[in-house]
Amino acid sequence: MGMRAAASFAATASQLHSPELNPPQSEPDSSQPDSLELDNLEFGILELSDLEPDSPEVSSLEVSSPIFGNSVAGSPIAGSPVAGSDNAPLEINLAQAGQSELGQDSSLPSLASAQITPVSQLSHVALTDWEAQALESLAQRYDCMTNAADRPYFADDAIPRFEFAASLRSCLDRINTLVAASTDLVLEEDLATVQRLQADFSAELAALRSQIDALESRLSPLEENQFSPIARLNMLSSFNLARSFAGGDILAEGIPLAGVVPTARLALRTQNPETGELEPVVGTVTDNPPVSLSHSTYLIFTFSRTSQEALTAILAMGNGNPPGGVFSSAGLTSTSGIPYTDANPVPPLAANDVGLLELKYSFAVTDKIQVTAGPRILPFRHFDANLYTDVIRGASGLNFYQSTLANSGLSEAGAIVDWFISPELTLRGGYLARNDAALTFYGGGDGPTNTRRGLFGGTNSILAEVTYSPSPTTNLRLLYVRDRLDAPPFSSSSLINAPFLLTSLRGVVDDGAGGSLNDVIENSFVFNFDWLLSPQFALFGRYSYSIANIDPVRSDIEGGSVNLQAFQFGMAFPDLGQQGALGTLAVVIPFDVVSGQQFLAAGAGDGGTELDVEAVYFYPLGDHVAVVPTFFATFNSNNFSENPPVYGTTLRLQFLF
């Protein structure tokens with residue numbers, strides 16, 4: 001329909017107005033359930049529901065960083081429309097009709113307060129055109145079609161029929177209001193024109209009504225019979241161009257394991273001929289690894305029947321064998337200088353194999369209590385969140401995105417309960433049993449499906465976290481984790497067996513003489529904060545302390561504990577360079593041994609203290625694509641004070657849909 005036709009109608013009707021239109025006000029479609037945002041890949045990956053801030057509707061089930069963001073600000077599952085989104089209610093300042101012969105009738109708005117854009121101020125309408133006179137007349141008399149301020153219309157422009165129908169409807173409503181008020185503003189010829197227009201468009205309106213009815217009848221069976229009115233798919237995919245190099249030879253504890261991806265070492269002890277004591281084996285890395293190009297992809301499926309529940313499944317694949325891993329000691333494998341997205345997401349599966357990373361069901365018990373349960377849950381998507389250390393936008397190195405002492409990074413089975421006490425206070429607790437195939441000591445992995453251990457007899461964790469947000473710009477979190485580390489089985493003929501990793505995957509422990517241990521009980525405490533001081537500057541950090549009790553199998557060896565601490569401090573620069581960008585600069589001491597060094601078969605080094613530096617710049621190229629250059633520097637790597645610096649760079653091209 002041409003604009004000349006619209007203006008002709010305006011002139012004939014004697015008074016209908018159409019300067020630059022705002023979109024017609026629309027009510028949210030209540031037939032469409034709230035979609036659920038996927039937690040965080042904002043991994044803080046994937047409170048999937050954690051995903052996109054520009055999606056039509058966003059649920060607060062998992063609020064964070066898109067997909068892998070964490071539940072940094074918790075709230076129950078119930079979703080709500082977002083202002084400015086396609087399906088959300090639009091906040092429109094409609095021009096109001098006014099005060100004239102109507103007097104002070106409070107049932108009608110006043111023209112004196114109308115916010116009408118005069119036709120004379122529209123640069124695309126010439127005052128000499130007859131259309132301008134018609135529009136001016138409409139604006140002054142009936143104040144309808146006054147939403148045109150957001151779109152420039154020219155005489156020969158075509159407009160969609162629904163836009164013209166919406167404008168016509170607004171004029172009819174306005175005229176009906178004036179008629180009902182018994183005013184003399186409505187001319188008889190205008191009423192005749194309106195009646196004629198209603199008659200002219202009656203067939204088309206009836207056809208449109210029929211089409212809508214037919215569409216509704218076709219949708220009804222689908223809504224009634226399908227499992228989920230909402231089935232949402234998000235994807236996080238990363239291409240990683242990475243390089244790592246050292247300033248000289250690097251000392252690393254353990255011996256390289258041939259054919260293992262990512263590069264790893266096995267912790268062993270050997271007798272020192274001078275002292276006769278068993279000491280960790282130390283090797284030397286002399287060559288820098290070549291440049292690598294890897295990928296990782298996460299498919300996040302969210303299904304929901306209502307806004308109070310969500311079934312989440314994450315499938316993942318990748319081929320990451322990050323070059324920085326060749327410099328790491330046993331127990332520190334693939335940590336220093338390696339971003340999360342450059343690691344194989346489903347070890348020990350082979351490169352490019354697809355694995356189930358997460359499967360969980362979340363539901364609201366009340367408006368303040370939410371429960372999440374499932375056979376595969378990623379703890380880091382629920383606990384120890386931070387606005388500036390998520391794997392999508394923030395400090396995302398494997399030593400940076402969460403505590404290095406209280407994070408396994410592995411899928412576990414169990415349940416988590418969130419209690420949203422108030423907007424400022426959230427309490428979260430959970431029980432999780434390790435459920436992965438990374439350990440092969442037991443044939444098939446250490447998890448609740450192992451008939452010798454089950455849900456409660458193997459490696460498991462009890463977690464409790466309180467989050468206090470005294471202001472919208474400040475979050476304080478205190479996390480407690482009690483880990484029960486199931487000891488590897490040992491042979492009755494020999495007490496010298498492979499030592500095993502702490503839950504944190506940092507450090508390898510034995511009885512101090514290469515012998516086996518009974519189950520290890522580890523208690524970890526983590527304080528975590530993020531603080532936005534201004535729109536362009538924030539601070540964040542963590543302090544972790546861990547106590548692992550060592551109980552040797554051999555009765556002639558005295559036990560003890562390994563006490564560890566870790567530090568993190570960083571600065572963040574939101575909207576650096578452009579809106580939506582984020583720069584972060586962070587330093588980490590990932591594994592500082594306070595006491596119990598004698599029980600570490602790998603990880604303690606020569607008593608030095610490793611210091612890691614990471615600089616990340618997340619730069620969006622559009623709504624769904626970003627480039628993320630990252631720089632790493634590691635000093636005193638592997639806790640050897642004599643090791644030269646190790647440097648790493650990664651250029652990541654990231655797609656998030």
Please check this pair: side chain of Q578 against backbone of L621, looking for a donor-acceptor N/O pair closer than 3.5 Å.
no

Distance-only, no hydrogens or angles: does the S469 side chain make a donor-acceptor pair with backbone N or O of S471 under 3.5 Å?
no

Those residues at least two apart in sequence (or on a different chain) that pass side-chain contact (heavy atoms from CB on, under 4.5 Å) with V587 are F569, L611, V613

With sequence neighbours excluded, residues passing side-chain contact (heavy atoms from CB on, under 4.5 Å) with Y617:
L576, A581, Y619, P629

Without swapping roles, check the side chain of T473 against the backbone of W531 for a donor-acceptor pair under 3.5 Å.
no

Do S524 and S546 pair up side chain to side chain, a donor and an acceptor below 3.5 Å, judged on atom types alone?
yes

May I ask you to say whether R652 pairs ionically with D342, meaning some side-chain N is under 4.0 Å from a carboxylate O?
no

Contacts satisfying salt bridge (charged side-chain N to carboxylate O under 4.0 Å, His left out) that involve residues 573-592 (not counting sequence neighbours) are none

Ring centroid separation for Y431 and F456, is it under 6.0 angstrom?
yes

Verdict with supporting geometry, Q370 and V417, side chain to side chain contact (heavy atoms under 4.5 Å, CB included)
CA-CA 6 Å; Q370 173 183 316; V417 178; over 6 Å; no

Set out, in order, the CA-CA distance, both residues' side-chain angles and the distance that settles salt bridge (charged side-chain N to carboxylate O under 4.0 Å, His left out) for D384 and R477, then state yes or no.
CA-CA 7 Å; D384 197 23; R477 307 173 188 87; over 6 Å; no

Please name the pair of heavy atoms, one in T584 and one in A395, separated by the smallest distance, quoted to 0.1 Å.
OG1-N, 3.6 Å

Do side-chain atoms of Q402 reach the backbone of F383 as a donor and acceptor pair under 3.5 angstrom?
yes

Determine, stepwise, if the pair S561 / N563 fulfils side chain to side chain donor-acceptor pair (under 3.5 Å).
CA-CA 6 Å; S561 65; N563 291 16; 3.1 Å; yes

Is the closest side-chain heavy-atom distance between V481 and N523 below 4.5 Å?
no

Nearest heavy-atom pair of A413 and L455: which atoms, and what distance?
O-CD1, 4.2 Å

Distance-only, no hydrogens or angles: does the T404 side chain make a donor-acceptor pair with backbone N or O of P590 under 3.5 Å?
yes

T389 versus F540, closest heavy-atom pair with distance:
CG2-CE1, 3.6 Å

Rounded distance (nearest 0.5 Å) linking atom CG of D418 with atom CZ of F420:
4.5 Å

Hey, mind stepping through Y361 and F363 against ring pair (Phe, Tyr, Trp, His ring centres under 6.0 Å) and telling me if it holds?
CA-CA 7 Å; Y361 177 65; F363 60 94; 5.6 Å; yes

Just verifying a value: how many Å separate S237 OG and Q654 CD, rounded to the nearest 0.5 Å?
9.0 Å

Salt bridge or not for R484 and E522, using N-O below 4.0 Å?
no

Considering only NZ, NE, NH1 and NH2 on the basic side and carboxylate oxygens on the acidic side, decide whether E412 and R434 come within less than 4.0 Å.
no

Side-chain heavy-atom pair N549, I547 within 4.5 angstrom cut-off
yes

Side-chain touch T372/H382, heavy atoms, less than 4.5 angstrom
yes

Close side-chain approach of L356 to R376, heavy-atom, < 4.5 Å
yes

State, yes or no, whether a side-chain contact exists between L432 and L463 at a heavy-atom distance under 4.5 Å.
yes

Do V627 and F618 come within less than 4.5 Å of each other through their side chains, counting heavy atoms only?
no

Please check if the side chain of S403 supplies one atom and the backbone of V526 the other of a donor-acceptor pair under 3.5 Å.
no

Charged N-O contact under 4.0 Å between R218 and E216
no

Would you indicate whether the side-chain heavy atoms of E614 and V616 approach each other to under 4.5 Å?
yes

Side-chain heavy-atom pair E358, I377 within 4.5 angstrom cut-off
yes

Can you name the closest pair of heavy atoms from D390 and S396 and give their distance?
O-CB, 3.7 Å

On a heavy-atom basis, which atom in Y388 and which in L532 lie closest, and how many Å separate them?
OH-CD1, 3.6 Å

Roughly how far apart are Y298 OH and M317 CE, rounded to 0.5 Å?
11.5 Å

To the nearest 0.5 Å, what is the distance between CD1 on I421 and OG1 on T426?
7.5 Å

F239 ring center within less than 6.0 Å of H295 ring center:
no

Taking Q568 for its side chain and F400 for its backbone only, find out whether a donor-acceptor pair lies under 3.5 Å.
yes

Applying side chain to side chain donor-acceptor pair (under 3.5 Å) to N240 and T650, what does each step give before you reach the verdict?
CA-CA 6 Å; N240 308 283; T650 302; over 6 Å; no

Mind checking whether F567 and Y543 have ring centres under 6.0 Å apart?
yes

Using ring centroids (six-membered ring only for Trp), state whether Y340 and F380 fall under 6.0 Å.
yes

When rounded to the nearest 0.5 Å, the distance separating CG of L311 from CD of E309 is 9.0 Å

Rounding to 0.5 Å, atoms CG (D483) and CD1 (I521) come to a distance of 8.5 Å

Please walk me through it: do I550 and V562 pass side chain to side chain contact (heavy atoms under 4.5 Å, CB included)?
CA-CA 7 Å; I550 304 299; V562 176; 4.0 Å; yes

